[in-house]
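In the text below, chain A, chain B and the rest are named by the order of the sequence lines, each starting its count at 1.
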Amino acid sequence: MLLYKYGFTNINYKAIYSFQSVKLFILFRLIDPIIHYLFYAALVSSVIGSEFIKFVVIGNIAFYTFQTMSINFLNMFRMERRFGTLELSIASPTSTLLIILRKAIVPFLDSTFVFAAGLVIGHFLFGLEMPLMKTGTLFVLMVITLFSMMSFSMIFAAVSLLVENPNLYLNIVLAVTQILCGANFSVHFLPGPLESIARMLPLTNSIEALRGIFGLESYAIAPLLMKEFSIGIGYLLISLILIAFMERAARRNGALFKSV
Amino acid sequence: MNSVWLLIREVKYFTNFNNRMYQFLLFFQPFMFLTIFYFLKQVRGDIQSDKFVVASALISMWSYVLYSSGSSLISQKWSDTLKLLIAAPVSLFKIILSKTISNSVIALISMILSFVYAKFIFHFSIGVEDYSLFFLTVLVLVFSLSVAGLILAIVFVAFQNAFDFQNLILMPMILICGVLIPVDHLPLALRFISYLIPMTWSIKAVHESLLLSPNMYTSLIIAVLVSLVYLAASYFIVKRIENIIRQKGNLGAI
């Protein structure tokens, strides 16, 4: 009855989502991103000049969205583990994947807000011209990007169950992603092998497509979106295999990662 | 002598490889920022790298001081050892000060590592003309960071959920204190706030020492004076906190 009335996703949101007041939401979903964009805009303009500010702000809007998504997923798994409900989710007759996907609605909506708000902030603070003629493409990009980020975050959060210090793991993954995904500089500057790795990450192609849509770089947008979508599908398949493996191991051992 | 032992133990604790988060701030963060600088340099090759090697070091130092000194008092509260500190024959102010000084000294590891990474991995030119003057400004910077850490320790223990707001303080302070953009380029109101922060003056002195600017000594003197004012204010606030705890037997509103 309770599930029917409020919904599984809503209950999950109430249980483990951090920002449940308007004040906290404004602070962490509007003020914090503004500070983040200002910081990297200042960093890049002090190093190579203010003409690169839009280029960097666009990259960081995508990166900050990824950061929001991955932190949300990691926290979801971490809180579930802390409160002992992760085992219950696995033991329940409902498919684990379905449970995770229902829970994923919160990070997905949250990240959608961060992405859209980022573009508005970019427009008013940094003069990013909204490409009204390309609104449809921008919408497709947003959906594809969030999908690939979500698929990647599912793997990322599942692996976090294996590590001793999830905070350290989170910071390292975010730092490496920030360097490799081209948020602050074009991935063309990376050495060959690193660029290849960067091309397999969920953000790289989206950031280039986004810069293409906003006219900051001349890229063919459709192939980039196709690549991003394929990457998202690839990560989703890996995460499905990982979740199935986790589920089977947990049922066989009667516990999730006993050594952790 | 006790203070020296406390300092040594703090250094051993925070550089212990069990403290993984602190290892990230000390060892990995300067590398990350230098990597960003390295690739930005590929975009425009004619930039002076020494300023950004120092900026990378300052960002990491400030991050470390914010997280370690900020949590120095509240972590005692969480681990229930704050009452032992209150009952100890040493004043609470001395204990916090020794912790914040040790944290600032440890933060120097980030600066040293930034120079090592910059020189041997990224092959940046580091244009420190006069190392003795540079070292002098870094010493004053350590003092300013210690005072800032002291204030953070007090602020964090006075507000509930202060940890949630750590990230909101981190980047604005870097922006306001002139690490990346000179304070004179900020809007007037921000400039005013900036000059009230003790690190602003010492960071200014560090940058000026790279250029061998004669203004460096003025900045150094102001940095010391401003830091001393905050040190005195912190002393009275910590004394007051100590008195409240002793009188009421609990932390009250804190």
message: I need the A/I179 CD1 to B/L34 CG distance, nearest 0.5 Å.
response: 10.0 Å

statement: Looking only at A/L190, A/I35, A/V176, A/V47, most heavy-atom pairs under 4.5 Å shared with chain B are made by A/V47

- request: Find the distance between OG (A/S46) and CD1 (B/I181) and round it off to the nearest 0.5 Å.
  value: 6.0 Å

Rounded distance (nearest 0.5 Å) linking atom OG1 of B/T35 with atom CG of A/N184: 11.5 Å

- prompt: Does OH in B/Y38 sit with more than 12 non-hydrogen atoms of other residues, nucleotides or ligands closer than 6.0 Å?
  reply: no

Per-residue contact mode, B/I174 against chain A (heavy atom under 4.5 angstrom): side chain

field: Spatial distance of atom NE2 (A/H188) from atom CD (B/Q42) [nearest 0.5 Å]
entry: 14.0 Å

- request: Using non-hydrogen atoms and a 4.5 Å limit, figure out which bit of B/I59 sits close to chain A: side chain, backbone, both or neither.
  value: side chain

message: Is A/Y169 in contact with chain B via its backbone, its side chain, both, or neither, using a 4.5 Å heavy-atom distance?
response: neither

query: With a 4.5 Å limit on heavy-atom distance, are the side chains of A/L43 and B/F37 in contact?
result: yes

message: Within the structure provided, determine whether A/F52 and B/L40 are in side-chain contact (heavy-atom separation under 4.5 Å).
response: no

Proximity breakdown for A/I48 and chain B, heavy-atom pairs closer than 4.5 Å: both

message: Students often mix this up, so state it plainly: with edges at 30° and 60°, are the rings of B/F33 and A/F39 parallel, tilted or perpendicular?
response: perpendicular

query: Do the side chains of A/L38 and B/M171 get nearer than 4.5 Å, heavy atoms only?
result: no

message: To the closest 0.5 Å, what do you measure between CE (B/M32) and CG (A/L174)?
response: 9.5 Å

